[in-house]
Amino acid sequence: MIDREFHLQDHDLYLEAFKLAVQIPRGKVSTYGAIARALGDISASRTVGQIMSADRQRPFEVPCHRVIYSDGRTGWYTGMGQGAERKREMLRSEGVPILNDMVQDLETAVFVDFSGDAPLRRMAESQREIASLVSQEGDATRFQRLAALDVSYRGDEAFAAMVVVDREGSVIEERTARCPVNFPYVPGYLGFREMRPYTAAMGKPREDTLYLIDGHGRAHPRRAGVACQFGVVHGVAAAGVAKTILAGAMKGDSLILDGEEAGRLVRSCDGRTYFASVGHRASLGTVCRVLTALPVNPMALAHRLATKRGRSAV
DNA sequence: GCGACAG
DNA sequence: ATCTTGTCGC
Ligand SMILES: [Mg+2]
């Protein structure tokens, strides 16, 4: 049984990363990658850099200056004034040996003995469970409505929009929602950032609706992109409609992942191209036919509405 | 130095 | 995803 709440929660990855960074003792350094590993996935290393530099409320003092590149370069610091030099000075004053912009004898100076519960590892496990529950079958006959969903952001606030069109392309419903999000973008974990806002905007899940999600479905490293999470958690038909590739490579019009077709290139009526993939309960063929046949592009409408809501928000 | 990592 | 641009007034 999947833990729906786990996928709908606002996991605070900022706090998790801060709780790790604060463990680095004076006189030592650690790396963005080491903290990412302690969070549960090395893929989050760039995100860790972004978290450390984020201008955000912190519940305690976080020694961001002790987090450096894995090759020993001290890198940037956005404290105030001359960032990079200030970072080097702070480390020197703590007893870390530095020559030019490199920490010397990194082996000795690096701290990697973090303690934490690796939230991303648990999330990846849960995604594998989602992947095992995805149905890749379903024809278009029951879909009276196509609901496109997208999210825009302003700081830590998400603005989700759903635009529903019928098969003739008329807009028949629009909904928006606003909620705080404390989970940053991490490649492979988009669902844990956007499921909550999507869910707040979707209203009551409907059987006669194919939900079109801005992001991938099965075209994901664990075959469990945000569209799969959305489909399985809500038990609805869903498809991933992404603007760029996350994983795999194109062969003709097919997106191939581990030798299997995980997605397909589609073109909407306005000429935009998307990578479509199965989310849940609708086949890849069905999804592509529906998207191609629509006389409007609901993805663009949802994107515009989400952006508009974010900009007009107080 | 380049490539690559949805949004 | 967001921000940037140019220019003005406070
Ligand atoms: Mg989006």
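Each chain gets a letter, A, B and so on, in the order the sequences are listed, and its residues count up from 1. Values below: all heavy atoms of this structure, side chains included; hydrogens, waters and symmetry mates excluded.
- Atom CD1 in A:Ile51 sits about 15 Å away from atom C1' in C:dA1, given to the nearest Å.
- Clustering of Ile, Leu, Val, Met, Phe, Trp and Tyr by side-chain heavy atoms under 4.5 Å joins A:Leu257 with none of the others.
- For the pair A:Lys243 and B:dA6, the criterion of a side-chain N or O lying under 4.0 Å from OP1 or OP2 is not met.
- A straight line from OH of A:Tyr69 to P of B:dG1 spans 13 Å, rounded to a whole angstrom.
- Looking only at distances, a side-chain donor or acceptor of A:Gln104 sits under 3.5 Å from a matching main-chain atom of A:Met102.
- Taking atom CD1 of residue A:Ile213 and atom C1' of nucleotide B:dA6, one finds them 13 Å apart after rounding to whole Å.
- Among A:Arg264, A:Glu261, A:Glu260, the single residue meeting the side chain to side chain donor-acceptor pair (under 3.5 Å) criterion with A:Ser254 is A:Glu261.
- In terms of phosphate contacts, A:Thr244 brings a side-chain nitrogen or oxygen within less than 4.0 Å of OP1 or OP2 of B:dG7.
- Distance CZ (A:Phe183) to C1' (C:dA1): 15 Å, rounded to an integer number of Å.
- In the hydrophobic clustering of ILVMFWY residues, with side-chain heavy atoms under 4.5 Å counting as a link, A:Met90 and A:Leu99 come out apart.
- The stretch residues 120-130 of chain A has no heavy atom under 4.0 Å from DNA chain B, so no residue of it qualifies as close.
- Here the P atom of nucleotide C:dT2 and the CZ atom of A:Phe159 are 10 Å apart, to the nearest Å.
- The NE2-P distance, from A:His220 to B:dA6, rounds to 11 Å in whole Å.
- No contact: A:Gly240 has no heavy atom under 4.0 Å from any strand.
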**Request:** Step by step, work out the side-chain hydrogen bond (donor to acceptor under 3.5 Å, both in side chains) result for A:Tyr189 and A:Asp41.
**Result:** CA-CA 10 Å; A:Tyr189 299 84; A:Asp41 194 331; 2.6 Å; yes
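- Judged by distance alone, with hydrogens and angles left aside, the side-chain atoms of A:Ser170 form no donor-acceptor pair with the main-chain N or O of A:Asp166 at under 3.5 Å.
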**Request:** Begin from the C-alpha positions of A:Phe192 and A:Leu190 and carry the test side-chain contact (heavy atoms from CB on, under 4.5 Å) through to its verdict.
**Result:** CA-CA 5 Å; A:Phe192 291 96; A:Leu190 181 64; over 6 Å; no
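- A:Tyr189 comes within contact range of at least one nucleobase, with a heavy-atom separation under 4.0 Å.
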**Request:** Show your working on salt bridge (Lys or Arg N to Asp or Glu O under 4.0 Å) between A:Arg281 and A:Glu207 and close with a plain yes or no.
**Result:** CA-CA 10 Å; A:Arg281 298 184 61 198; A:Glu207 274 296 307; 3.0 Å; yes
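- No donor-acceptor pair under 3.5 Å is formed between the side chain of A:Lys19 and the backbone N or O of A:Tyr14.
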Might you list the N or O atoms of the protein lying below 3.5 Å from N or O atoms in nucleotides 3-8 of chain C, with each pair's distance?
none

**Request:** Kindly express the pairing pattern of DNA chain B in dot-bracket notation, using | wherever a base pairs with another strand and counting only Watson-Crick or G-U pairs under 3.5 Å.
**Result:** .......
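- Geometrically, A:Arg66 does not engage A:Phe111 in a cation-pi contact defined by less than 6.0 Å to the ring centre and at most 45° from the axis.
- A ring-centre distance under 6.0 Å is found for A:His11 and A:Phe6.
- Grouping Ile, Leu, Val, Met, Phe, Trp and Tyr residues whose side-chain heavy atoms lie under 4.5 Å apart, directly or via other members, places A:Val241 in a hydrophobic cluster with A:Phe143, A:Leu146, A:Val163, A:Val165, A:Val171, A:Leu210, A:Leu212, A:Val266, A:Tyr274, A:Val287, A:Val290, A:Leu291, A:Leu294, A:Val296, A:Met299, A:Leu301, A:Leu305.
- Grouping the Ile, Leu, Val, Met, Phe, Trp and Tyr side chains by contacts below 4.5 angstrom, directly or via other members, places A:Val112 apart from A:Leu39.
- Geometric assessment of A:Arg206 against the ring of A:Tyr211 yields a negative cation-pi assignment under the 6.0 Å and 45° thresholds.
- The interatomic distance linking A:Met195 (CE) with B:dA6 (P) rounds to 20 Å, in whole Å.
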**Request:** Dot-bracket notation for DNA chain C is requested: 5' to 3', Watson-Crick or G-U wobble pairs only, both distances under 3.5 Å, with ( ), [ ], | and . as defined.
**Result:** ..........
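- Put simply, A:His303 has a side-chain N or O that comes within less than 4.0 Å of OP1 or OP2 on C:dA1.
- Taking atom CZ on A:Arg46 and atom C1' on C:dT2, their separation rounds to 15 Å, with Å as the unit.
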